[in-house]
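Proteins get letters first, then strands, A, B, ... in listed order; numbering begins at 1 in each. Any value given below was found using the heavy atoms of this structure, including those in side chains, with hydrogens, waters and symmetry copies removed.
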Number of protein chains: 2
Amino acid sequence: MSDERRKFKRESAESRKEALILATLELVAENGVRGATVRGIAERADVTQGLIRHYFSSKEELITAAYEHHMTFMTDQTFAPASAVQGTALERLTAFVTASLTPPVVDPRAIALWASFLNKVQQDPHMKATHERTYAYFRDQLEALITAALNEAGRPAPPARLRQLAIACNALIDGLWLEGGALPDAFAPGELAEIGRQSVAAMTGLNLKQGAETS
Amino acid sequence: MSDERRKFKRESAESRKEALILATLELVAENGVRGATVRGIAERADVTQGLIRHYFSSKEELITAAYEHHMTFMTDQTFAPASAVQGTALERLTAFVTASLTPPVVDPRAIALWASFLNKVQQDPHMKATHERTYAYFRDQLEALITAALNEAGRPAPPARLRQLAIACNALIDGLWLEGGALPDAFAPGELAEIGRQSVAAMTGLNLKQGAETS
DNA sequence: AGAGAAATTATACACTTGAATAATTACTGG
DNA sequence: CCAGTAATTATTCAAGTGTATAATTTCTCT
């Protein structure tokens, strides 16, 4: 009887990379970027530390890749639901606000990651560019939806007003996102999204009500 | 002529502690908690690293003291202006919103500190208690001001509504605070506060306008 | 089945970190 | 003025860090 226990299994580059990135995100969320050590990440991904250098030329590169991965995930989770809605601009705005204030976007881990990455984002030009692009995209989408919904309602507004409205609604969503992630037990399911819709409604004068979602 | 160059100067325990705390906050804002090394802090405070242990029994204790110091500063800067106002509840609410969205509360460094401390705050029970107390105090004050201002205007609201309003206004302020600190050049001086007052006005139905401030 | 190549592990290294201890220095009280 | 004491510096230490390199192991291809 030969020894059937293999010491390790070869995986595709893609799945290994992803496993390493996911382990990295876990540890960054728990202990910050500096607290996410190469050894810790390797252990979490069930490999030895040498393998990390085989797929990423440095820890810096792994961190950057993990950040990119996370930002893509968050963006997708936020925009997919709103894009799926085929109805009026008002309905799309409502879906957008709702998606932004519902798990998995609202999540303690997402807050932790956001905070952990902040320092590095502000120092590394590449990460900074990624961050600002994502942020601008979010706000521009919001402003476009508000503009369209107001036009649709026959209540167009001047650009300066639209800018202010977008800034305020964006801030409101950010703040609720933060509160929901920081104090997960302080809000009933759906409560944050409801508050978000009502508040955006109050600020814009539009009537955001949660309608039936088309699958 | 004797040698007048002293190798160091003895300082009072208080001033040395504060110097160490300020140096700690600088480095925590720049490099995060783990990036704020004992040696770096000592260098920034112009002492040798051994001295830190003379005043703080561990780095942990120094970090905690620095966090406490920062939170006290932020709370004072936020509440002092509103407390100074002797007028109506509406005026006090206006002053509160304005102070929350004006330097030095709005400040890139404050954001960086908030993010840097978040991990540790969530793990250390003592720091977590400090954080939650500060947060609850802020929101309760806001809810009380909104309640008083609505009563004053002859438009009282039920508790559930007041809670939602406080959550939303708090989130708005948090979000604007975040945006202003993260993108300091994106807003004209006073613009954030103006947006904040207008948005709180829209959500509450109150008329917040910046009045003359009594000295 | 077996050699070649790539994936993975194993080991080593130079450096940083927080902490501990020993050695100086400056101030204070008589 | 000068001892005593506390503040401050100087040095040391063990553990942890990212990175580099060497040694294995698994898989593929014919």
Side-chain angles (χ1 to χ4, degrees), chain A residues 2-24 26-28 30-67 116 119-120 123-124, chain B residues 2-28 30-67 116 119-120 123-124 127:
Chain A
S2 61
D3 190 354
E4 288 293 341
R5 289 180 330 193
R6 274 159 291 186
K7 288 203 171 175
F8 58 87
K9 182 158 174 262
R10 282 171 99 142
E11 301 274 352
S12 75
E14 268 186 34
S15 66
R16 264 292 194 263
K17 273 197 173 188
E18 187 175 357
L20 289 172
I21 285 176
L22 293 181
T24 302
E26 279 184 34
L27 285 181
V28 168
E30 288 171 20
N31 307 323
V33 172
R34 300 204 192 219
T37 69
V38 171
R39 284 169 179 78
I41 293 168
E43 187 183 16
R44 191 67 67 100
D46 265 313
V47 296
T48 52
Q49 53 159 329
L51 194 60
I52 288 180
R53 232 186 101 68
H54 188 256
Y55 286 110
F56 301 93
S57 66
S58 68
K59 179 188 174 184
E60 189 82 9
E61 196 180 302
L62 172 56
I63 294 292
T64 302
Y67 179 67
S116 296
N119 270 316
K120 210 142 238 315
Q123 287 173 11
D124 181 272
Chain B
S2 60
D3 190 357
E4 286 294 343
R5 289 183 330 194
R6 274 161 291 185
K7 288 203 171 177
F8 59 85
K9 184 158 174 261
R10 280 172 97 143
E11 303 272 353
S12 75
E14 269 188 32
S15 65
R16 264 279 134 81
K17 274 196 174 189
E18 187 175 356
L20 288 172
I21 285 175
L22 293 181
T24 302
L25 288 174
E26 280 184 32
L27 285 182
V28 168
E30 291 172 17
N31 307 323
V33 172
R34 301 205 192 215
T37 68
V38 172
R39 284 169 179 81
I41 293 167
E43 186 183 18
R44 192 65 67 98
D46 265 314
V47 296
T48 51
Q49 55 161 326
L51 194 61
I52 289 181
R53 230 183 101 69
H54 189 256
Y55 285 110
F56 301 92
S57 67
S58 68
K59 179 189 172 181
E60 189 84 8
E61 196 180 302
L62 172 56
I63 294 291
T64 303
Y67 179 67
S116 295
N119 270 316
K120 209 144 236 322
Q123 287 173 12
D124 182 272
M127 289 177 77

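Across all their heavy atoms, V33(B) and K59(B) have their closest contact at O-NZ, 3.1 Å. Considering all non-hydrogen atoms of both residues, L27(B) and G40(B) come closest at CD1-C, 3.2 Å.
Contact annotation for F56(B): no contact, since no heavy-atom pair falls under 4.0 Å across all strands.
Among residues two or more places apart in sequence or in another chain, the side-chain contact (heavy atoms from CB on, under 4.5 Å) test is passed with Q123(A) by N31(B). Evaluation of the side-chain contact (heavy atoms from CB on, under 4.5 Å) rule for E43(B) yields no partner, not counting sequence neighbours.
Rounded to whole angstrom, the span from the NE2 atom of H54(A) across to the P atom of dT19(D) amounts to 16 Å. Distance E11(B) CD to dA6(D) C1': 15 Å, rounded to the nearest Å. We find that CG of L51(B) is positioned 17 Å from P of dT11(D), with the value rounded to whole Å.
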Sugar-phosphate or base contact per nucleotide [nucleotides 25-30 of chain C; S, B, -; heavy atom under 4.0 Å]:
BBS---
What one-letter contact string describes nucleotides 18-23 of chain C from 5' to 3', where B marks a base within less than 4.0 Å of any protein heavy atom, S marks contact via sugar-phosphate atoms alone, and - marks no contact?
BBB---
Can you give each donor-acceptor pair under 3.5 Å made by side-chain atoms of residues 46-57 of chain A, sequence neighbours left out, with the distance rounded to 0.1 Å?
residue: R53(A); atom: NH1; partner: S57(A); partner atom: O; Å: 2.8
residue: S57(A); atom: OG; partner: E61(A); partner atom: OE1; Å: 2.6

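Y55(A) has no side-chain polar atom (N or O) that falls below the 4.0 Å cut-off from OP1 or OP2 of dA7(C).
From one end of the helix from dA1(C)-dT30(D) to dG30(C)-dC1(D) to the other, with five pairs defining each end axis, the axis direction shifts by 10° (rounded to 10°).
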